[in-house]
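Structure first, then comments.
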Amino acid sequence: MAETSATTETGEPASRPRKSSWKYIGPGIVVAATGVGAGDLVATLIAGSKFGYTLMWAAVIGCVVKISLAEAAGRWHLATGRTLFDGWRSLGPWTTVYFAIYVVVWGFIYGATAMSSSALPIVALFPDGPGLKFWAIVTGVMGLAFVWFNRYAVFEKVMTVLIGIMFVVVVYVAIRVVPDVGASFAGLLPVLPDGSLLYTLGLIGGVGGTITMAAYGYWVNAKGWSNSSWMKVMRLDNRVAYITTGLFVVAMLIVGAELLHASQIALTSGDRGLVDLGKVLEDRFGAGTAKLFLVGFFATSFSSLIGVWHGVSLMFADFVERFRAPAAGAQQAREHAGPAATERQQRSLPFRAYLLWLTFPPMTLLWLDQPFGLVIAYGVLGAFFMPFLALTLIWLLNSSRTPGEWRNGWVSNGMLALSGLLFIVLCVQQVRDLPW
């Protein structure tokens with residue numbers, strides 16, 4: 001970015017662009033760790049077990065799609081000084097209605113899912129101890145206490161440790177199964193085997209593709225990046241994060257291809273598939289490797305739990321703040337965004353109320369089969385979120401709401417349009433697959 005005048009188009013004093021440096025890396029790691037859940041890893045494993053290395057190219061495209069989406073969300077926050085929900089609100093009241101219903105229903109069911117997922121590896125590690133419900137409640141309360149009493153800086157450090165554990169464990173297991181390097185490179189050529197279309201679309205759109213991508217801009221602000229001088233830093237941070245995510249996907253595809261494909265071993269769908277994989281690893285490599293994998297499984301699940309507890313609660317706090325306030329002008333919006341606002345929101349009643357909503361009401365679902373109507377609502381609202389994110393970012397970043405220098409170019413528009421199209425197809429398929 002070139003320095004131009006005394007003020008930027010957003011009315012802020014111009015400041016010298018920060019050099020992109022590894023020492024600043026943080027929010028991207030947080031969004032990557034949050035977005036990659038246990039269910040995503042199982043879906044990748046199953047794709048590898050069914051099609052070997054053939055869909056490696058889809059994992060690479062998926063990584064590029066996520067980089068484009070998160071970059072767009074971060075660019076909106078830094079270029080305009082406004083939050084993403086403030087941008088959505090400027091598109092009309094329909095965005096407020098959609099988000100209000102989505103965040104309440106999604107949070108209720110996701111809370112139970114995240115707690116169960118974090119409890120599964122603990123139960124597998126300590127089979128003679130308390131059961132799944134006990135550990136699910138413990139992990140939920142741990143997540144609540146951690147986010148409630150800690151600010152962003154501590155949260156980021158813990159997330160970095162968890163993603164480090166995830167990375168080391170997944171790559172270690174991939175190396176232990178001895179990947180076929182030639183087949184891996186051959187898998188970079190776009191090929192669609194019979195019956196692979198939905199797995200391909202899922203690989204491109206699934207891993208790391210959740211509401212937490214929209215939270216990226218909020219974490220960028222929490223880090224202290226508040227204007228366009230941080231744009232280069234944000235872009236490096238984002239690329240490092242999703243290249244790391246891409247390596248996770250490749251490593252899990254290798255495990256699926258080498259460990260499961262050749263032996264025709266089937267996994268249970270959903271998070272329990274990773275418990276199945278732990279047993280396969282124990283038979284093949286011994287109890288030590290299996291236990292290490294379960295530790296990585298816990299890091300994957302618990303990082304998603306605390307990431308959502310923090311990031312989506314921040315989004316909800318911003319939503320409530322915007323809903324209460326009259327439509328804000330650009331200057332007023334900037335005063336309600338940035339690191340100071342994020343610090344205030346982390347102590348706010350809406351932030352803590354949503355934390356409690358994510359933790360305690362979902363515990364009732366641990367004793368019940370998820371109610372039919374909630375499953376339908378959760379599936380439909382969740383399916384529509386990623387197309388909603390991609391298409392609204394195209395709208396915002398091509399309009400006068402964004403300073404001219406930071407509006408979309410043809411590459412950004414192309415990648416976001418591709419994302420929108422992909423997620424619409426996945427949305428239709430997900431809605432069709434619901435138990436109507």
Judged by atom type as modelled, is there a donor-acceptor pair below 3.5 Å linking the side chain of Ser348 to the main-chain atoms of Gln345?
-> yes
Heavy atoms, side chains only, cut-off 4.5 Å: are Leu84 and Leu396 in contact?
-> yes
Can you see which heavy atom on Val249 is nearest to which on Ala59, and at what distance?
-> CG1-CB, 3.4 Å
Please examine the side chains of Trp219 and Lys223, heavy atoms only from C-beta on, and report whether any two atoms are closer than 4.5 Å.
-> no
Is there a side chain to side chain contact (heavy atoms under 4.5 Å, CB included) between Gln346 and Tyr152 once you walk through the steps?
-> CA-CA 9 Å; Gln346 287 178 100; Tyr152 175 79; 4.1 Å; yes
Pro362 versus Leu358, closest heavy-atom pair with distance | CG-O, 3.2 Å
Heavy-atom side-chain proximity of Val312 to Trp106 below 4.5 angstrom = yes
Out of Tyr110, Phe351, Phe108, which one pairs with Trp357 under the ring pair (Phe, Tyr, Trp, His ring centres under 6.0 Å) rule?
-> Phe108
Might you point out which heavy atoms bring Leu416 and Ala390 nearest each other, and give the distance in Å?
-> O-CB, 4.0 Å
Just by modelled atom types, is the Asp86 backbone N or O under 3.5 Å from a matching donor or acceptor in the Thr83 side chain?
-> yes
Determine, stepwise, if the pair Glu258 / Tyr53 fulfils side chain to side chain contact (heavy atoms under 4.5 Å, CB included).
-> CA-CA 9 Å; Glu258 292 292 343; Tyr53 292 94; 2.5 Å; yes
Heavy-atom closest contact (Ala290 atom, Gly278 atom, distance) | CB-O, 3.4 Å
Would you check if Met363 and Val141 make a side-chain contact, meaning some heavy-atom pair closer than 4.5 Å?
-> yes
Under the 3.5 angstrom rule, does the side chain of Ser116 hit a backbone N or O of Thr113 as a donor-acceptor pair?
-> no
Would His77 and Tyr218 count as a side chain to side chain contact (heavy atoms under 4.5 Å, CB included) if you check the C-alpha gap in whole Å, the side-chain angles of each, and the deciding distance to 0.1 Å?
-> CA-CA 8 Å; His77 276 249; Tyr218 291 85; 3.9 Å; yes
Any side-chain heavy-atom pair of Thr80 and Trp406 under 4.5 Å = no
Could you give me the CA-CA distance, side-chain angles and deciding distance for Met142 and Leu305, then say whether side chain to side chain contact (heavy atoms under 4.5 Å, CB included) is met?
-> CA-CA 10 Å; Met142 282 172 55; Leu305 186 151; over 6 Å; no
Kindly state whether the ring of Phe384 and the ring of Phe388 have centres lying under 6.0 angstrom apart.
-> no
Just by modelled atom types, is the Ser304 backbone N or O under 3.5 Å from a matching donor or acceptor in the Thr34 side chain?
-> no
Reported CD1-to-CD distance for the pair Ile25 and Glu156, which is rounded to 0.5 angstrom = 9.5 Å
Member of Ile163, Thr245, Val31 meeting the side-chain contact (heavy atoms from CB on, under 4.5 Å) criterion with Val36 | Thr245
Which word best sums up how the rings of Trp88 and Phe99 line up, parallel for under 30°, tilted for 30 to 60°, or perpendicular for over 60°?
-> tilted
How about Phe146 and His310: are their ring centres within less than 6.0 Å of each other?
-> no
Measuring from Leu259:CG to Leu281:CG, what's the distance to the nearest 0.5 Å?
-> 5.5 Å
For the rings on Tyr24 and Trp230, is their centre-to-centre separation under 6.0 Å?
-> yes
To the nearest 0.5 Å, how far apart are OG in Ser49 and CE in Met252?
-> 11.0 Å
Between Leu356 and Pro361, which heavy-atom pair has the shortest distance, and what is it?
-> O-CD, 3.3 Å
Scan Asp237, Leu236, Asn238 and name whichever one has a side-chain contact (heavy atoms from CB on, under 4.5 Å) with Val240.
-> Leu236
Working to the nearest 0.5 Å, report the span between CG of Asn398 and CG of Leu393.
-> 10.5 Å
Flag the pair Arg401 / Trp76 as yes when at least one side-chain heavy-atom distance between them is below 4.5 Å, and no otherwise.
-> yes
pair Val170-Leu247: side-chain heavy atoms closer than 4.5 Å = no
Partner set under salt bridge (Lys or Arg N to Asp or Glu O under 4.0 Å) for Arg352, not counting sequence neighbours = none
Short question: side chain of Arg82, backbone of Gly87 - any donor-acceptor pair under 3.5 Å?
-> no
Salt-bridge test for Arg322 and Asp318: reply yes if a basic N is under 4.0 Å from a carboxylate O, no otherwise.
-> yes
Side-chain contact test, heavy atoms from C-beta onward, threshold under 4.5 Å: evaluate it for Ile306 versus Leu162 and give yes or no.
-> yes
Under-4.0 Å salt bridge between Arg344 and Glu321 | yes
First locate atom OG1 of Thr300, then atom CE of Met166, and finally report the distance between them rounded to the nearest 0.5 Å.
-> 4.0 Å
Give me the ring orientation class for Tyr102 and Tyr98: parallel if the planes are under 30° apart, tilted from 30 to 60°, perpendicular past 60°.
-> parallel
Which pair of heavy atoms, one from Gly143 and one from Trp309, lies closest together, and at what distance?
-> C-CD1, 3.6 Å
Hey, what do you get for CG (Leu45) to CD1 (Ile254), rounding to the nearest 0.5 Å?
-> 11.5 Å
